[in-house]
Trainee: 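Quick one: structure below, then a few questions.
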There are 2 protein chains.
Amino acid sequence: MSETAAGARGRSIRAVPPGGTEDRQHTEHGLERKQQLLDAAAELFADRGYGATRIVDICAAAGVAKGLFYWYFPTKSDLFVELVRTMRHRLRRAQGKAMAPDDDAPTRVAQGAAESVRFMAAHAGYFALLDVERADPEIAHVLDEGAGVYFSDVRRLVAEGQAAGTIPDGETDLLTVGVLGAVSSFSNSFRNGRIDPTIDVDALADFVAGWVARALR
Amino acid sequence: MSETAAGARGRSIRAVPPGGTEDRQHTEHGLERKQQLLDAAAELFADRGYGATRIVDICAAAGVAKGLFYWYFPTKSDLFVELVRTMRHRLRRAQGKAMAPDDDAPTRVAQGAAESVRFMAAHAGYFALLDVERADPEIAHVLDEGAGVYFSDVRRLVAEGQAAGTIPDGETDLLTVGVLGAVSSFSNSFRNGRIDPTIDVDALADFVAGWVARALR
DNA sequence: CTCCACCTTGACCGGCGGGTCGACCGCGAG
DNA sequence: CTCGCGGTCGACCCGCCGGTCAAGGTGGAG
């Protein structure tokens with residue numbers, strides 16, 4: 001884990017620029033290769049967990065040698081972080097698109113919850129990798145960061161609803177936690193097969209929307 | 001962590017069933033030592049995660065040499081399993097005690113949920129260690145086993161309520177997942193400080209009971 | 001007192017796996 | 001053609017950590 005300052009020696013002064021991070025120039029082909037690694041890693045993480053996935057496994061799955069990994073990523077956790085951030089952006093975009101701007105707050109919350117369930121079901125392979133140990137501080141950070149983002153998104157809506165009288169006053173934070181928890185619980189259970197997998201995803205999403213709407217009443 | 005060893009004293013008692021593996025004869029002092037290891041491990045697991053906790057750290061925390069660990073546990077995951085099972089038994093006992101036998105199903109579910117929240121808050125250090133990677137199959141197994149136990153406990157109550165007409169029909173499994181998810185979500189958020197930690201635990205428990213009751217209506 | 005079972009120690013071993021390195025390839029620009 | 005850079009390879013290094021082991025301690029039963 002030690003970044004060993006022994007970065008640039010010899011003649012080629014590359015790597016570790018003032019900014020701190022890698023700013024490698026990738027060709028289009030390079031970007032594709034990087035994506036292959038990302039995809040392979042996502043699958044392996046989801047399958048056997050982050051810690052249990054060896055870098056060499058990721059490379060093997062992508063059909064390249066281990067050394068190449070470090071051409072594209074400084075460390076394993078950097079790859080993970082990139083994966084998670086990408087996922088988060090896509091999910092939030094989907095949520096935003098699913099909420100009708102003119103509906104009231106509780107309805108919008110329910111719409112967002114339903115869409116989240118659908119999205120997570122559609123990308124189960126991706127979201128499974130969130131079941132990860134938070135030992136690595138870099139991991140913990142990006143995960144907490146995500147939790148914070150979703151929290152404030154939902155909290156804003158809840159507070160709005162309370163102001164408009166469409167959601168009961170008080171305990172704004174708790175209501176928010178409840179909504180977030182419902183979405184992740186149902187999604188996790190579905191993904192892990194604790195829910196009858198033959199159920200229609202849209203039916204599940206509707207159920208969750210109803211659950212949230214009732215609890216918010 | 002008190003008198004787990006009911007009254008056994010003076011003579012050695014068997015700690016592990018003769019299932020073929022370790023069936024060491026521990027003296028009372030030995031059982032105490034073992035408990036020290038268990039406690040030290042629980043704290044470290046909760047603090048930095050299972051995978052990131054080194055056996056030698058556990059021993060150092062308990063003030064013994066590494067070799068001794070293997071006198072009491074075959075492997076690290078065996079220790080973990082023992083920890084989780086113990087916890088589960090205590091929680092279920094608390095739940096059972098909290099539910100008034102003559103109340104109707106939804107009320108009992110809410111009572112159990114509230115008690116679970118209180119229990120998990122009181123033993124936050126213990127429950128934090130459930131945030132663990134499921135890479136190790138032995139770990140995954142004991143965790144799933146626990147999920148299954150709680151699931152069937154709650155499902156039984158929900159089905160009972162549906163039969164009695166106190167809970168709406170249909171989707172028994174989904175309702176169960178919702179209840180379980182609410183309890184764990186609120187408990188996790190509280191433990192991780194995502195909820196204002198100055199809130200009274202009983203108030204939180206009541207809130208969760210209300211949340212569940214509303215969602216179950 | 002002796003013996004045996006339980007307890008305790010820390011040096012040691014083995015391999016696993018993250019990260020490094022130096023060499024090499026192929027292509028487009030000059 | 002030659003240079004430089006993006007890209008690729010895989011042997012190698014090395015610290016870490018789970019697990020082992022041989023030896024020594026201690027207290028109670030006989």
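In the text below, chain A, chain B and the rest are named by the order of the sequence lines, each starting its count at 1.
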Trainee: Compute the angle between the rotation axes at the two ends of the helix from C:dC1-D:dG30 to C:dG30-D:dC1, each taken over five pairs, rounded to 10 degrees.
Mentor: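 Rounded value for the end-axis angle: 10°.
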Trainee: Distance check needed: D:dC5 P versus A:Trp71 CH2, whole Å only.
Mentor: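 Checked: the CH2 to P distance equals 10 Å.
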Trainee: Any donor and acceptor pair, going by atom type alone, linking the side chain of B:Gln111 with main-chain N or O of B:Ala100 inside 3.5 Å?
Mentor: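 Pair found, side chain donor or acceptor close to backbone of B:Ala100.
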Trainee: For DNA chain C, determine which residues of residues 26-38 of chain A have any heavy atom closer than 4.0 angstrom to one of its atoms, and list them numerically.
Mentor: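 Contacting residues: none.
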Trainee: I'd like to check B:Tyr72 versus B:Gln35 (side-chain heavy atoms, cut-off strictly below 4.5 Å). Are they in contact?
Mentor: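 No, too far: nothing below the 4.5 Å cut-off.
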Trainee: Let me see the working for B:Met120 and B:Val183 under side chain to side chain contact (heavy atoms under 4.5 Å, CB included), right down to the final yes or no.
Mentor: CA-CA 9 Å; B:Met120 289 171 117; B:Val183 170; 4.2 Å; yes
Trainee: Which nucleotides of nucleotides 16-22 of chain D have their base under 4.0 Å from a protein heavy atom (B), which only their sugar-phosphate (S), and which neither (-), written as one string 5' to 3'?
Mentor: -SBBB--
Trainee: Taking the six-membered ring for Trp and the single ring otherwise, decide whether the centroids of A:Phe69 and A:Phe73 are under 6.0 Å apart.
Mentor: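 A:Phe69 vs A:Phe73: aromatic centres under 6.0 Å.
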Trainee: Would you say that A:Thr86 contacts A:Tyr126 through its side chain, given a criterion of any heavy-atom pair below 4.5 Å between the two side chains?
Mentor: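 The answer is no, as the side chains (C-beta and beyond) never meet within the 4.5 Å cut-off.
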Trainee: When rounded to the nearest 0.5 angstrom, what distance separates CG in A:Asp153 from CG in A:Leu91?
Mentor: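 Atom-to-atom, A:Asp153:CG and A:Leu91:CG are 9.5 Å apart.
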Trainee: CD of B:Glu43: more than 12 outside heavy atoms within 6.0 angstrom?
Mentor: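 It does not: B:Glu43 CD has 12 such atoms or fewer within range.
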Trainee: Grab the OH-C1' distance between B:Tyr72 and C:dT9 for me, whole Å please.
Mentor: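 Roughly 13 Å, once rounded to whole Å.
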Trainee: Kindly compute the distance separating CG (B:Leu83) from OG (B:Ser77), expressed to the nearest 0.5 Å.
Mentor: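 Separation between the atoms: 12.0 Å.
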Trainee: Taking atom CZ of A:Arg93 as the centre, report whether more than 12 heavy atoms of other residues, nucleotides or ligands fall under 6.0 Å from it.
Mentor: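 For A:Arg93, atom CZ is not crowded (no more than 12 foreign heavy atoms under 6.0 Å).
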Trainee: Rounded to the Å, how far apart are A:Asp136 CG and C:dG18 C1'?
Mentor: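 In whole Å, C:dG18 C1' lies 13 Å from A:Asp136 CG.
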Trainee: A:Phe80 CZ to C:dG18 C1': how many Å, rounded?
Mentor: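 Nearest whole value for this atom pair: 18 Å.
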Trainee: Rounded to the nearest 0.5 Å, what separates atom CZ in B:Phe186 from atom CZ in B:Phe207?
Mentor: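 Here the rounded value is 5.0 Å.
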Trainee: B:Gln25 CD to C:dC7 P: how many Å, rounded?
Mentor: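 Rounded to whole Å, this separation is 9 Å.
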Trainee: Would A:Thr75 and A:Asp78 satisfy side chain to side chain donor-acceptor pair (under 3.5 Å), going step by step from the backbone distance to the final call?
Mentor: CA-CA 5 Å; A:Thr75 73; A:Asp78 280 270; 2.7 Å; yes
